[in-house]
Amino acid sequence: MSTFDNPFDPDRNLRAGCVCGQHRSAAEHEQASAALRCDPTDSEETRYAGVVASAVMRAMFPQDMARRAFLKSVGASTALAALSQFFPLQTATEVFAETGAPEKKDLKVGFIPITCATPIIMAAPLGFYAKHGLNVEVVKTAGWAVIRDKTINKEYDAAHMLAPMPIAISLGLGANAIPFAVPAIENINGQGIVLAAKHKDKRDPKDWKGLKFAIPFDYSMHNYLLRYYLAEAGLDPDTDVQLRSVPPPEMVANLRADNIDGFLAPDNICQRAIYDGVGFMHLLSKEIWDGHPCCSFAASREFITTAPNSFAALTRAIVDATAYASKAENRKQIAEAIAPANYINAPVTVLEQVLTGTYADGLGGVKTDAKRVDFDPFPWQSFAVWMLTQMKRWGQIKGDVDYKTVAEQVYLATDTKKLMTEMGLSPPASSYKSFAVMGKTFDPTKPEDYLASFKIRKAS
């Protein structure tokens, strides 16, 4: 079941096609009358009323079949009228709408110009920040260390960060320990391994000894996924290849200049290398782990506690934008919105290939994978536990790790679950789940057993 479920459509499995939750598709959205359009100028009263009614419907009819039968038998308007006789919808709506005003409306959010930041970037030109009462300047930033430093120094109120970065910052890895938190994952999947065109005959990673690979940052899913892939092929990533940290916008130039042989990077960087004719797609990151997180929306605990209403409004805007980005019919519009120079600065064609999943592979073929990149904001705490196992596997963390405590302090699944429910969405019931990486199951309740199962790892 999708995070972005709609309880009011009797014919669908709790799935909405528009960010407002009222329309099945972008086409239906565009055809709606002005009074029913779900753009940022809709009244807050209407939006809150929908959220409250949605919550009541979910509470009364948690099972799809019962909800469908009820709505089909009486119709939506009659159903709401009936509910209103037993539940004070108007009063509840007024109470819900009386959320605290943002302490700061003018905010700065830093981002790296990659498609992983799509919800953060598009929320500006498509009006999602304004919809939630904020005036947000999204600031293009050169690299991940700069993102970290500017956020720590309070030049940014919040930021686009690699999913492991807030964990590393909170633990004091690579910088002083400062508590950070993640209320939303920016993207899942959306990365790939690209090799230089001259290596078309080296499709077996066992042949990669001595090659030089770029990753965006030490504390990144890119680093952990590439290391995992190499180790499964029998290569030690610390001795058999060279790994270099290179800002994503500089990777294609380094590949063209023969400074590196390949990289594991965000899909728009991968697709730009293919577009420019200097590389080819070896594999998508989802072929390593389908559904893996990549980037996150993060803020310091200090910002969260000193400006809780601003933080909540920011998170709502990001979740709202993510819901819109999760719909395939919206991807071409989003590509146009985030392509300009002040955002990603890439050809719309490149971004469309990434976001729609129909793309050239650099080997003369065209492939289609609708889930090449996807967007789901829920910050699974099991994601954080897996990252901690890899930090320890490769020597970034020494000694014992309290996996559960760290995961739950940094990844705000409980808070996000509450916020999503208030927004009329359907968050998962649990904050932990098992998943498979290259066919190997990860049980988040047994991280040390998982860690001990790897033959190739950094010596303690």
Side-chain angles (χ1 to χ4, degrees), residues 114-116 118 187-216 220-223 225-235 237 240-244 246 248-292 294 328 331-332 335 339 344 346-374 437-439:
I114 53 178
T115 43
C116 305
T118 291
N187 68 302
I188 56 177
N189 299 334
Q191 322 299 308
I193 296 178
V194 162
L195 295 179
K198 67 180 182 179
H199 292 312
K200 288 183 179 180
D201 61 338
K202 291 185 178 178
R203 301 306 306 277
D204 187 340
K206 292 183 175 66
D207 298 328
W208 293 358
K209 278 193 175 184
L211 297 190
K212 301 181 291 290
F213 289 92
I215 53 172
S220 69
M221 287 298 297
H222 312 79
N223 184 23
L225 290 175
L226 181 56
R227 284 174 173 271
Y228 198 110
Y229 184 72
L230 292 168
E232 288 297 298
L235 299 183
D240 292 330
V241 301
Q242 295 181 44
L243 298 183
R244 301 177 178 179
V246 178
E250 298 176 15
M251 286 184 175
V252 175
N254 275 273
L255 192 66
R256 182 184 293 110
D258 207 26
N259 295 328
I260 55 175
D261 295 289
F263 52 69
L264 198 160
D267 272 348
N268 65 298
I269 305 300
C270 297
Q271 207 59 46
R272 187 58 189 260
I274 294 167
Y275 182 84
D276 288 356
V278 297
F280 67 93
M281 184 70 76
H282 173 67
L283 57 71
L284 299 177
S285 59
K286 72 187 291 285
E287 297 175 66
I288 300 174
W289 170 6
D290 193 4
H292 72 82
C294 179
R331 300 284 179 87
K332 287 191 175 183
I344 293 185
V348 173
T349 299
V350 168
L351 300 184
E352 282 188 0
Q353 289 187 56
V354 170
L355 295 175
T356 66
T358 298
Y359 64 97
D361 63 4
L363 295 169
V366 174
K367 295 185 177 180
T368 299
D369 189 333
K371 298 295 184 181
R372 174 181 180 173
V373 63
D374 208 357
V437 184
M438 294 190 72

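Scored by the salt bridge (charged side-chain N to carboxylate O under 4.0 Å, His left out) test, K212 finds D261 as partners (sequence neighbours excluded).
Taking CG of L211 as the start and CG of L235 as the end, the distance is 9.0 Å to the nearest 0.5 Å. Note that SG of C294 and CG of D267 are 9.0 Å apart. Values are rounded to the nearest 0.5 Å. Separation of atoms NE2 (H199) and CG (D201) is listed at 8.5 Å; rounding is to 0.5 Å. For the atom pair CG of L264 and CD1 of I288, the computed distance is 5.5 Å after rounding to the nearest 0.5 Å. Annotation: the span from R372 atom CZ to C270 atom SG amounts to 6.5 Å, rounded to 0.5 Å.
The shortest non-hydrogen separation linking I215 to L226 is CG2-CD2, 3.9 Å. When all heavy atoms of F263 and L255 are compared, the pair lying nearest together is CE2-CD2, 3.9 Å. Residue A214 comes nearest to V246 through the heavy atom pair CB-CG2, 3.8 Å, listed as atom of the first residue, atom of the second, then distance. Closest approach of M251 to P216, counting heavy atoms only: CE-N, 3.6 Å. Shown here for S285 and G190, the closest heavy-atom pair between the two residues is OG-N, 4.0 Å. Across H222 and P266, no two heavy atoms sit closer than the pair NE2-CD, 3.8 Å.
Side-chain atoms of D276 never come within 3.5 Å of backbone atoms of V278 as a donor-acceptor pair (strictly under, hydrogens ignored). Not a single donor-acceptor pair under 3.5 Å links the side chain of R227 to the backbone N or O of P237. With N268 contributing its side chain and T115 its backbone, the two residues share a donor-acceptor pair below 3.5 Å. In this structure a side-chain-to-backbone donor-acceptor pair under 3.5 Å is present from R244 to N259. A donor-acceptor pair under 3.5 Å is absent between the side-chain atoms of Y359 and the main chain of Q271, judged by distance alone. No donor-acceptor pair under 3.5 Å is formed between the side chain of Q353 and the backbone N or O of V350.
With a 6.0 Å radius and a threshold of 12 heavy atoms from other residues, nucleotides or ligands, K209 has its NZ atom at or below the threshold.
Taking 4.5 Å as the limit, some side-chain heavy atom of I344 sits within range of a side-chain heavy atom of L351. At least one side-chain heavy atom of V373 sits under 4.5 Å from a side-chain heavy atom of R331.
Taking the six-membered ring for Trp and thresholds of 30 and 60 degrees, W208 and F213 have ring planes inclined between 30 and 60 degrees apart.
For the pair K286 and D374, the salt-bridge criterion is not met [side-chain N within less than 4.0 Å of a carboxylate O].
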Checking R203 against L363 for the side-chain contact (heavy atoms from CB on, under 4.5 Å) test, could you report, in this order, the C-alpha distance in whole Å, the side-chain angles of both residues, the deciding distance, and whether it holds? CA-CA 12 Å; R203 301 306 306 277; L363 295 169; 3.4 Å; yes

Dump the intermediate steps for side-chain contact (heavy atoms from CB on, under 4.5 Å) on F280 and L195, then the final yes or no. CA-CA 6 Å; F280 67 93; L195 295 179; 3.6 Å; yes

Please lay out, stage by stage, how K198 and D258 fare under the test side-chain contact (heavy atoms from CB on, under 4.5 Å). CA-CA 10 Å; K198 67 180 182 179; D258 207 26; 2.7 Å; yes

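Checking each of I193, N189, N187, V194 against Q191 for a side-chain contact (heavy atoms from CB on, under 4.5 Å) leaves exactly one that passes, namely N187.
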